[in-house]
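Everything below concerns the one structure shown next.
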Amino acid sequence: MKKSMLVLLVLILVALVSAGKVAELPKVLKPQRIAIDGDKLIISQRQEYSVHVYSLSDYRLLATFGKKGEGPGEVKRPPYVFPLKDSILLYNWGKLIWFSKTGKLIKEKRLENELLLTVRPLVSNYLACRDFFDPRDFSHTLKFYLLDNDAKNPRELYSGQRDANSADAKGFR
C-alpha cells in the first residue's frame, strides 16, 4: 500500500512539473465530443453545437461548420462526430450529415427513427442504439441494431436490460 501511494505521489508531481501550455483553442469554449482524424483534431461544441477542425501540427483552425437549428447542416443537440475517409459524418437526433474535410455540407439524411441514441458508421453499414424506458419499474432496455448502407432496415443485434436504480445506470446517458 505504501509503495502504491509513493508511486501515485511521484506521478502527480511529475505531471505538475512537466505540465505546460501546448496550444490555445480560442473557439472551443465547452467541448462535447472529440475525434482525431490523421493530423486533424475535430471538436464538437456543447454550447453552439458547432464543429471545429484544427491542425494537430500547429493547432490552427482549419474549418468550422454546423450550428444549432433544424435546417440543412444544423443540429438540435451537440452532434456525435465520426471522421470518414473522405468526409466527416455528424449524427444528431435522427439525422446524418456529411461535411467535407474543409467544412462544406455534402449531404444529409433523415432517419426513419428519430429516437435512436446514436448511429455509428461501420465499413458499409451503421450500428444504432436505442433506449426503451419502462415507467412502471423505471428500467431501461438498450437495443442495438444493424442498419443497411442506406441507414434503413434495422436488424436487432442485441437487447439488454439495465436497472435504473443501479449505480452503473446512474452514469448512463
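Position 1 is the first residue of the sequence, and the numbers go up from there. Not measured: the values here are computed from a predicted model.
Side-chain contact between Q161 and D137: present, with at least one pair of heavy atoms (C-beta onward) separated by less than 4.5 Å. Inter-residue side-chain proximity for Y59 and L25 is flagged as met; some heavy-atom pair is nearer than 4.5 Å. When side chains are defined from C-beta on, L157 counts as touching L127, because their heavy atoms get closer than 4.5 Å. Between I97 and P79, the closest side-chain pair of non-hydrogen atoms is not below 4.5 Å. Residues N92 and Y49 fail the side-chain proximity criterion, which asks for heavy atoms closer than 4.5 Å.
With K95 contributing its side chain and P72 its backbone, the two residues share no donor-acceptor pair below 3.5 Å. The backbone N or O of K30 lies less than 3.5 Å from a partner atom in the side chain of Q45, making a donor-acceptor pair. Although no hydrogens or angles enter the test, the distance criterion places no donor-acceptor pair under 3.5 Å between the side chain of S44 and the main chain of P78. Judged purely by atom type and a 3.5 angstrom limit, D148 uses its side chain to pair as donor or acceptor with the backbone of D150.
Contacts of Y145 classified as ring-ring contact (aromatic ring centres under 6.0 Å, His included), with partners at least two apart in sequence or in another chain: none.
Classification of the Y54-H52 ring pair by plane angle, with boundaries at 30° and 60°, yields tilted. Using the six-membered ring where Trp is involved, H140 and F133 have ring planes that are tilted, between 30° and 60° apart.
If you take OG1 on T118 and OH on Y91, they are separated by 7.0 Å, rounding to the nearest 0.5 Å. Atom-to-atom distance recorded for L84:CG and L89:CG is 5.5 Å, nearest 0.5 angstrom. Of the inter-residue distances, the one linking D86 atom CG with S100 atom OG reads 10.0 Å to the nearest 0.5 angstrom.
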Could you go step by step and tell me if K76 and E70 meet the side-chain contact (heavy atoms from CB on, under 4.5 Å) rule?
CA-CA 6 Å; K76 295 179 188 177; E70 295 185 36; 3.9 Å; yes
Between S57 and D39, does the side-chain contact (heavy atoms from CB on, under 4.5 Å) criterion hold? Intermediate values first, please.
CA-CA 7 Å; S57 60; D39 63 342; 5.8 Å; no
Report the C-alpha distance between L122 and R120 in whole Å, list the side-chain angles of each, state the deciding distance to 0.1 Å, and finish with yes or no for side-chain contact (heavy atoms from CB on, under 4.5 Å).
CA-CA 7 Å; L122 297 175; R120 297 175 182 271; 5.8 Å; no
Step by step, work out the side-chain contact (heavy atoms from CB on, under 4.5 Å) result for L90 and V81.
CA-CA 5 Å; L90 306 184; V81 178; 3.9 Å; yes
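Counting heavy atoms of neighbouring residues, nucleotides and ligands inside a 6.0 Å radius, atom CD of E156 exceeds 12 of them. Heavy-atom contacts from other residues, nucleotides or ligands closer than 6.0 Å to NZ of K109 number more than 12.
Between A151 and L96, the closest heavy-atom pair is CB-CD1, 3.9 Å.
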